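Please read all numbers here as calculations on a predicted model, not as lab measurements.
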Amino acid sequence: MRLRRDTRSPIGTPLRPGLNAGLSGIQLMNKPFIPAQRIARRAGALWALAAAGALALAGCAAQAAPLGSAPSVTSARHEAAALNAAARLHPVAFLDRIGWGASAAQLQELSRVGATRFLDEELRPDPDPVLPPEVRQQIAALQCTQPLSQLIPPLVRQMKAIQQARRGGQAISAQQAQAALQALNQRKNQLTQEAMTQQLLLAVYAPNQLQQRLTWFWLNHFNVFRGGNIGPMMADYTQHVIAPRALGPFRDLLQATMFSPQMLLYLNNAQNARGHVNENYAREVMELHTLGVGGGYTQTDVTNLARALTGLGVDLSERPVRVRPALRGELWQHGLVVFNPARHDPDPKVVLGHVLQGRGLEEIEQVITLLADDPATARHVSLELAQYFVADHPDPAMVNAMVQTWTRTRGNMGAVLRTMLTSPQFAASLSAPQFKDPMRYVVSAARASFNGRIITNTQPLIGMLYRLGEPLYGRQTPDGYALSGGAWDSPGQLTTRFEVAQQIGAGAPALFGPPPPFLRTRLVVDPADAAGTMGEPGSAMTAAGAMLAQGGATRDVPPKLPPRRPPPDLARSTVFLAAETDLGRATLQALAQTDQRMRWNALWLSSPEFMND
């Protein structure tokens, strides 16, 4: 039979019609910032008085607001005044909090328009941010951006061909089989590394910094691990499933991840079928994605949710899904995701005290709404957002305000973020250090150090994240990386950060050279599409082995290494000058004792003030 294919996307729409104390250095050659520092401190004292008064007024207004109501005009004005004052006093901390780190261009824009107008722009979703032409060209050349329906089936076919050759007793050597498997894994790794490249380029250069950072937060919240066929799908998961919905309704984001092949494969819902219920995804969607531990659900709720999700899976076979005629009307497929009614449990189910009505996809729609609208979900996710953007132990009053906004807007994340980022608690937090996790540290260092210079090889950044223990798509367990700063401040972590600071402070020339050969490979033929049988000319096995032996057929001549540049002059950079008034005495003394630029850069980038925001 022919599949009934729904051309509408199921995603977001209805489915139916402390380090520098021990640092040493030498004398700083020029010290033009000392007089400016004194002037800035005097101005900072005036801003501190203004900020304190604005924060007090905002706190009083917040306390006077009725529970569950929208903020009053007076309250909103006081909050705006507090935020503007705090951002003027701590502009680098403000930009570090709402994005991936301050840059010269953003500091200029913040100074021109003020924090509230700057934040208004950041809270507007931008589906196609303006990028430097060189960055746009790099991303356009990445093969990982192809549709999954083109990207994944060839990989699956090649893996099946290798397995069949091994089982079928064909006249192939173990060396041939190993070569084919190695070529296949190399191809998957290439696509995964390309996805990392895309995400890092966007983090460093995209102007919609809040949306970019929030995309990482959701990527971590709805965590999947890059193993198997999931790694080559990570560009799709990050840029098509999560990024467009980062600032939209939470329900749409939950639905998008629930109907993503990445999540269905990672948490085994692709194996969840009537009579063979797999509870992995149902348990994690309640415990991690929505209600949270202590959210009021029971084991029976987990089991019944898993039953409701039976039949929702992934089809990588490229063969029509066959069901009996009575179920054909309920068969549904979009891309690699399929709902097979023959695998679905049609019996009545009770989840969180609600009887699920309807069958198949209608049940799944119901549980998505049920979970997204539950007060426990609002509190659990709001708390995690506050921990990530504001403080490890956020003020309950701020979290309560976020929950109220969630309830009033039915989980509109832009509105919830606005409540958090315009709160007096957020404004006050800009003067309270929050330790950066490795991703924030590495990207903020790149943004502060290179002043818009275009990175052409992200491999050093990828390697830094590996060394710091937070590799992209590398968390194997579904809980994601820790949000609290305390998880990242071990002595070993600080030592590695100093090494990273030295690398970036020296200019990290490898960032501006050609990417490694395996990322420059452009395949002339897809070995999985080759005709013939294994081991014969033109076969998948022969083509894969040839590709491995030759290092991959390429059409591009590797670019020449760029001329070596001196290390960046961070002592006179816009970001340092804006952050200088927040530096402590120990850091200023350490910087004043060195006149060696690379050493100076490393000291600042590894200072407690830079590692916190």
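- Using a 4.5 Å heavy-atom cutoff, the side chains of Tyr237 and Ile230 are not in contact.
- The heavy-atom pair separating Ala195 from Cys144 by the smallest distance is N-SG, 3.7 Å.
- Between the side chain of Thr419 and the main chain of Ala415, a donor-acceptor pair closer than 3.5 Å is present.
- Within the 4.5 Å cutoff, the side chain of Leu191 has heavy atoms near those of the Leu155 side chain.
- One finds the CG atom of Asn601 at 7.0 Å from the OG atom of Ser449 (value rounded to the nearest 0.5 Å).
- Residue Leu247 comes nearest to Pro125 through the heavy atom pair CB-CG, 3.9 Å, listed as atom of the first residue, atom of the second, then distance.
- In plain terms, the two heavy atoms of Gly505 and Pro568 that are nearest each other are O-CD, 3.8 Å.
- Distance CG/Leu131 to CG/Leu202: 6.0 Å, rounded to 0.5 Å.
- Side-chain contact of Arg447 with Tyr205: a donor-acceptor pair under 3.5 Å is absent, judged by distance alone.
- A donor-acceptor contact shorter than 3.5 Å is absent between the side chain of Gln138 and the backbone of Leu201.
- Counting only distance, with no hydrogens or angles, the side chain of Ser111 and the backbone of Gln108 share no donor-acceptor pair below 3.5 Å.
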Is there a side chain to side chain contact (heavy atoms under 4.5 Å, CB included) between Trp100 and Val204 once you walk through the steps? CA-CA 7 Å; Trp100 284 120; Val204 175; over 6 Å; no
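- Gln387 has its side chain out of reach of Asp392: every pair of non-hydrogen atoms, C-beta onward, lies at least 4.5 Å apart.
- Side-chain polar atoms of Arg97 and Ser429 form a donor-acceptor pair below 3.5 angstrom.
- The aromatic rings of His221 and His289 sit tilted, their planes meeting at an angle between 30° and 60°.
- Arg585 is not listed as a side-chain neighbour of Leu588, based on a closest heavy-atom distance of 4.5 Å or more.
- Using a 4.5 Å cut-off on side-chain heavy atoms (C-beta onward), Met196 and Met234 make no contact.
- Side-chain atoms of Asn189 never come within 3.5 Å of backbone atoms of Asn185 as a donor-acceptor pair (strictly under, hydrogens ignored).
- Checked by atom type and distance alone, the side chain of Gln434 pairs as donor or acceptor with a backbone atom of Tyr388 at under 3.5 Å.
- Under 3.5 Å, the side chains of Asn612 and Lys436 contain no donor-acceptor pair of N or O atoms.
- Atoms CE and CG, from Met611 and Asp437 in turn, are 13.0 Å apart once rounded to the nearest 0.5 Å.
- Every residue meeting the side-chain contact (heavy atoms from CB on, under 4.5 Å) condition with Ala578, not counting sequence neighbours, appears here in chain and number order: Pro91, Val92, Leu107.
- Side chain of Glu122 to main chain of Leu210: a donor-acceptor pair is present (N/O by atom type, distance under 3.5 Å, no hydrogens or angles).
- Atoms CD1 and OG, on Ile242 and Ser260 in that order, are 8.0 Å from each other to the nearest 0.5 Å.
- Side chain of Gln211 to main chain of Asp126: a donor-acceptor pair is present (N/O by atom type, distance under 3.5 Å, no hydrogens or angles).
- Checked against Asn220 for a side-chain contact (heavy atoms from CB on, under 4.5 Å), the options Trp216, Trp218, Phe217 give a single hit: Trp216.
- Between Pro509 and Arg565, the closest side-chain pair of non-hydrogen atoms is not below 4.5 Å.
- Here the side chain of Gln502 pairs no donor or acceptor atom with the backbone of Arg599 at under 3.5 angstrom.
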Stepwise side chain to side chain contact (heavy atoms under 4.5 Å, CB included) check, Gln106 with Phe118: CA-CA 9 Å; Gln106 282 197 315; Phe118 190 94; 3.6 Å; yes
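- The closest side-chain donor-acceptor pair between Gln493 and Asp489, if any, does not fall under 3.5 angstrom.
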Checking Arg572 against Asp569 for the salt bridge (charged side-chain N to carboxylate O under 4.0 Å, His left out) test, could you report, in this order, the C-alpha distance in whole Å, the side-chain angles of both residues, the deciding distance, and whether it holds? CA-CA 6 Å; Arg572 294 166 181 80; Asp569 189 1; 3.3 Å; yes
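- Using modelled atom types and a 3.5 Å distance limit, the side chains of Arg497 and Thr495 yield no donor-acceptor pair.
- The ring of Tyr441 has its center no closer than 6.0 angstrom to the ring center of Trp488.
- Looking at Thr257, its side chain never comes within 3.5 Å of a backbone N or O of Phe222 through a donor-acceptor pair.
- Proximity of a side-chain donor or acceptor of Tyr481 to a complementary backbone N or O of Pro471 within less than 3.5 Å is detected.
- For the pair Asp236 and Leu151, the minimum side-chain heavy-atom distance is 4.5 Å or more.
- The two residues Asn229 and Ile152 make their nearest non-hydrogen contact at O-CD1, 4.2 Å.
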Decide yes or no on salt bridge (charged side-chain N to carboxylate O under 4.0 Å, His left out) for Arg136 and Asp128, but give the supporting numbers first. CA-CA 11 Å; Arg136 187 172 291 276; Asp128 188 22; 3.5 Å; yes
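- Under the 4.5 Å side-chain criterion, counting only non-hydrogen atoms from C-beta, Pro424 is in contact with Glu79.
- In this structure, Phe576 has its ring center closer than 6.0 angstrom to the ring center of Trp600.
- Other residues, nucleotides and ligands contribute only 12 or fewer heavy atoms inside 6.0 Å of the CG atom of Asn451.
- Of the N and O atoms on the side chains of Gln262 and Tyr473, not one donor lies less than 3.5 Å from an acceptor on the other residue.
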As a quick check of understanding, evaluate side chain to side chain contact (heavy atoms under 4.5 Å, CB included) for Leu421 and Val390, giving each step before the final call. CA-CA 8 Å; Leu421 296 174; Val390 184; 5.5 Å; no
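- Annotation for Thr192 and Arg226: closest pair CG2-CD, 3.9 Å, computed over non-hydrogen atoms.
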Could you walk me through whether Arg475 and Thr477 pass side chain to side chain donor-acceptor pair (under 3.5 Å), step by step? CA-CA 6 Å; Arg475 180 70 171 181; Thr477 53; 3.1 Å; yes
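- A distance of 7.0 Å separates CG of Leu417 from CE of Met402, quoted to the nearest 0.5 Å.
- Legend: residues meeting ring-ring contact (aromatic ring centres under 6.0 Å, His included) with Phe450, ordered by chain and number and at least two apart, are Phe512.
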Residue pair Leu583, Leu591: steps toward the side chain to side chain contact (heavy atoms under 4.5 Å, CB included) verdict: CA-CA 10 Å; Leu583 299 182; Leu591 294 176; 4.1 Å; yes
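- If you check the side chains of Gln193 and Gln459, you find a donor sitting under 3.5 Å from an acceptor.
- Geometrically, Arg245 does not engage Phe250 in a cation-pi contact, judged by NZ or CZ lying under 6.0 Å from the ring centre and within 45° of the ring axis.
- In terms of heavy atoms, Leu385 sits closest to Met420 at O-SD, 3.8 Å.
- Between the side chains of Thr458 and Thr197, at least one donor N or O lies within less than 3.5 Å of an accepting N or O.
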